[in-house]
S.K.: 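Before we start, here is the structure in question, set down as C-alpha cells.
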Amino acid sequence: MSKDNALQISDVNDILTALPKVDADTTFWMIRANKGEYYTDFVTSQYVGIGYEEITLQESQNNSNDNLSKLFHDRKPRDDEGRKIPDGTYTSWIGQLKRFGNEIQAGDYVLVPSIASERFSLGIVLGEPYELTPEQLKDINSELIPGRKKSPYRKRIKIQFLSSFNRAEADPALYKMIYTQTTVSKINKYALYILRAVFDAYVSGNKVYLTFPVTQKEDIRARPYTAFTYFLTESYVALNQESEPIIKNNVQSAGIVQFIIDLAPYAGLFGMIWVLLKANTGFQIEVSVFKGKFKLTKEDKGIVAERIEDSKSKRTINEQKAEDEHLKRLLKIIELANKADIPMDSIKADVPSKLKEAVKKAAKPDDENDQE
C-alpha cells in the first residue's frame, strides 16, 4: 500500500472540526449591487457598498427616521427627472441606510447577486461599516480594470467572500428571494437553502449537514433512490440508535439529498466511512475509534475492517465486551455502506466534497513532508 493511498486519523472528531462552521444564530442579508452592475467589484475587492450619498453614514446612524426624512427632503427633493419624490420613497431609503449602518454586524452573512441574479456570492462580515472620503474613492477608482465597473459607493462594509453558486444550481425556493427588490434585505428564512448551495457539508448548532449530489440527468429510478436513502439512514442509526436523522431532497435529475445528523463523535466516523466507500480501490484509513485501532481498506468488494493489535496489556473482560459491542457497530455501518454502493452508482450519487476535504485534513501529517 503506497503512502498516497493511506491516511491515519487519530480521532474521528477531527473530521468534524475540519468542516465549515456556521453560527446557528447568525443573520443573513442580501445586498444588491445596483442590479448586479457592481457585483464583480464587490466580490473582487471584498466589500459591499450602498449609495444615498445625500446622507452620510454618521448621520444615518445617529439620527431618527423623522430627522433623516427632513434631511432627504432638503437635499434631494426631486428625482433625476425632476419629479417630486414621494414620502414612501424616502421611508424606503432610510430603511436601507439604517439596516446597512446600524443592523449588520461582524459575523453576519451577506449574499450578493450578479446581473439578472444568475450568480450569487456569499461572504461573512469582517467589521463595522465605514465611509470613504471623496479623495479616497477617487484614488481607489482611478485604476481602470477591463471588464470591471467600480462602484461609486462611499459607504462600505468589509466582507470576506467564501463561495459562489449559480442560480440554476440552487433550490427553487430561492427564486422568491430574488424578487426582493430592496437594496438591503434580511433573508434569514432562506439561510438553509443558501448554505446548502454553498457548503455541501458543514456544522451548525448541534447538527451536521451533509449534501450528497445526485448527478444523473435522466429520470431517477425509485428503487435505487429509496435504497440509497434507506442505507444512508440505517448506517447512521446503527451507530446511534437514539438519533432521528433528517433527510431533505431536491432530486430533479440532477439534484441533491441532504442528510442532517446529530453533532456527536459517531458523526465523524459516519462521514469517514462514506468517504472511504467512494474512494478508489486500495485506499486505506487507519483510525483510532472505540478505544481501539482499526484499519479500513477499500477493496473491490467494498470496505473491509481489520483490528490493529496494540502494545497495551490485556484488557479486562468488561473492557473487551464493551469493545466488541463497539466493533459490532463499526461492522454494521460498513455492511450497510457497502450495500449502498450499488444504488449510489445507479443514481450517480457521490459524497460531499467538503466532507472529503475534512477527512484529508483530519489525517496525521507526514513528518518528512512537514520538515520540507
Side-chain angles (χ1 to χ4, degrees), residues 20 22 26-52 79-80 88-89 91-93 95-101 103-104 108-126 129 145-153 155-200 202 204 209 211 213-215 217 248-256 258 353-354:
V22 177
T26 196
T27 302
F28 283 73
W29 303 90
M30 183 165 67
I31 298 182
R32 293 190 174 277
N34 195 38
K35 298 181 180 180
E37 187 178 19
Y38 307 128
Y39 169 80
T40 301
D41 191 42
F42 281 8
V43 175
T44 304
S45 298
Q46 300 283 292
Y47 80 98
V48 290
I50 194 172
Y52 310 115
D79 63 21
D80 295 339
T89 299
T91 300
S92 176
W93 292 353
Q96 312 308 306
L97 285 169
K98 285 290 187 181
R99 283 193 280 273
F100 190 89
E103 296 183 32
I104 297 177
D108 287 354
Y109 284 92
V110 170
L111 189 71
V112 178
S114 68
I115 293 175
S117 298
E118 291 297 329
R119 189 163 176 80
F120 296 86
S121 287
L122 182 72
I124 189 168
V125 177
L126 297 182
I145 301 176
R148 175 173 154 195
K149 187 168 184 178
K150 296 189 175 182
S151 88
Y153 300 151
K155 303 178 192 67
R156 301 187 174 198
I157 297 175
K158 197 68 179 174
I159 303 292
Q160 180 185 352
F161 282 98
L162 305 172
S163 187
S164 303
F165 62 92
N166 294 326
R167 181 173 68 177
E169 301 167 351
D171 194 290
L174 288 183
Y175 290 0
K176 293 181 181 179
M177 179 194 72
I178 293 169
Y179 297 128
T180 302
Q181 295 302 316
T182 51
T183 303
V184 183
S185 53
K186 189 180 291 188
I187 54 172
N188 284 349
K189 64 182 179 180
Y190 300 104
L192 288 177
Y193 304 111
I194 295 167
L195 289 171
R196 197 160 72 187
V198 172
F199 303 123
D200 58 9
Y202 67 95
S204 183
Y209 296 76
T211 300
V214 177
T215 59
K217 295 181 180 180
K248 296 185 177 182
N249 61 69
N250 181 28
V251 181
Q252 299 178 7
S253 308
I256 58 92
Q258 187 178 50
S353 61
K354 291 292 183 184

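When reading the values below, keep in mind they use all heavy atoms of this one structure, side chains included, and skip hydrogens, waters and symmetry mates.
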S.K.: Hey, mind stepping through L192 and K248 against side-chain contact (heavy atoms from CB on, under 4.5 Å) and telling me if it holds?
M.R.: CA-CA 11 Å; L192 288 177; K248 296 185 177 182; 3.8 Å; yes
S.K.: Using the rule given for side-chain contact (heavy atoms from CB on, under 4.5 Å), can you reason through K186 versus T27, listing the C-alpha separation, both sets of side-chain angles and the distance that settles it, and then say yes or no?
M.R.: CA-CA 7 Å; K186 189 180 291 188; T27 302; 3.9 Å; yes
S.K.: Where is the tightest heavy-atom contact between I31 and I104, given as atom of each residue plus distance?
M.R.: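 Scanning both residues, the minimum pair turns out to be CD1-CD1, 3.9 Å.
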S.K.: Under the side-chain contact (heavy atoms from CB on, under 4.5 Å) criterion, do V198 and Y109 qualify, and how do the steps go?
M.R.: CA-CA 12 Å; V198 172; Y109 284 92; over 6 Å; no
S.K.: Quick one: do I157 and F100 satisfy side-chain contact (heavy atoms from CB on, under 4.5 Å)? Show the steps, please.
M.R.: CA-CA 9 Å; I157 297 175; F100 190 89; 3.5 Å; yes
S.K.: So do T89 and D79 actually touch side chain to side chain, heavy atoms under 4.5 Å?
M.R.: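 They are not in contact (no side-chain heavy atoms under 4.5 Å apart), so the answer is no.
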S.K.: Side chains of residues 145-153: which donor-acceptor pairs under 3.5 Å do they make with residues two or more places apart or in other chains?
M.R.:
residue, atom, partner, partner atom, Å
R148, NE, D41, OD1, 3.0
R148, NH2, D41, OD1, 3.0
R148, NH2, S45, OG, 2.5
K149, NZ, E37, OE2, 2.3
K150, NZ, I140, O, 2.8
K150, NZ, E143, O, 2.9
S151, OG, Y47, OH, 2.7
S151, OG, Y153, N, 3.4

S.K.: Okay, side chain of T211, backbone of R196: is any donor-acceptor separation there less than 3.5 Å?
M.R.: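 Not a single qualifying donor-acceptor pair exists.
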S.K.: Between CH2 of W29 and CD1 of I187, what distance do you get to the nearest 0.5 Å?
M.R.: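 If we round to the nearest 0.5 Å, W29:CH2 and I187:CD1 are 10.0 Å apart.
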S.K.: Output all residues satisfying side-chain hydrogen bond (donor to acceptor under 3.5 Å, both in side chains) with S353, sequence neighbours left out; order by chain, then residue number.
M.R.: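 If we apply the side-chain hydrogen bond (donor to acceptor under 3.5 Å, both in side chains) test to S353, skipping adjacent residues, the hits are D200.
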S.K.: Between V110 and F42, is there a side-chain heavy-atom distance shorter than 4.5 Å?
M.R.: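 Counting from C-beta outward, F42 and V110 never come under 4.5 Å.
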S.K.: Could you give the distance from OH (Y193) to CD (Q258), rounded to the nearest 0.5 Å?
M.R.: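 That separation rounds to 10.0 Å.
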S.K.: Taking NZ in K98 as the centre, count heavy atoms belonging to other residues, nucleotides or ligands within less than 6.0 Å. Is the count above 12?
M.R.: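 It does: K98 NZ has more than 12 such atoms within range.
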S.K.: Judged by modelled atom types alone, do Y39 and S121 share a side-chain donor-acceptor pair under 3.5 Å?
M.R.: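 Looking only at side-chain atoms, S121 and Y39 do form a donor-acceptor pair, the distance falling under 3.5 Å.
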S.K.: Could you grab the distance from atom CZ of R32 to atom OG of S114, nearest 0.5 Å is fine?
M.R.: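 Output value for this atom pair is 10.0 Å.
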S.K.: How long is the span from the CD atom in E118 to the CD1 atom in I178, to the nearest 0.5 Å?
M.R.: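 Nearest 0.5 Å value for the CD-CD1 distance: 8.0 Å.
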S.K.: Anything under 30° is parallel, anything over 60° is perpendicular, the rest tilted; go ahead and classify Y52 against W93.
M.R.: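 Correct class here is tilted.
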S.K.: How long is the span from the CZ atom in F120 to the CE atom in M177, to the nearest 0.5 Å?
M.R.: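 That separation rounds to 4.5 Å.
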S.K.: Identify the two heavy atoms, one from A33 and one from V112, that lie closest to each other, and give their separation to 0.1 Å.
M.R.: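 In this case the closest contact between A33 and V112 is CB-CG1, 4.2 Å.
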S.K.: Mind checking side chain to side chain contact (heavy atoms under 4.5 Å, CB included) for Q46 and listing every partner two or more places apart, or none if nothing turns up?
M.R.: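 K158, Q160, F161.
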S.K.: Does I256 offer a backbone N or O that forms a donor-acceptor pair with the side chain of N250 under 3.5 Å?
M.R.: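 Not at all, since once roles are kept as given, no pair shorter than 3.5 Å links the two residues.
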S.K.: Grab the two heavy atoms, one from A116 and one from R167, that are nearest each other, plus how far apart they are.
M.R.: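 The answer is O-NH1, 3.7 Å.
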S.K.: Got a second to check how far L195's CG is from L122's CG, nearest 0.5 Å?
M.R.: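 Here the rounded value is 7.0 Å.
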S.K.: Kindly check if the number of other-residue, nucleotide or ligand heavy atoms within 6.0 Å of NZ (K155) is above 12?
M.R.: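 It does: K155 NZ has more than 12 such atoms within range.
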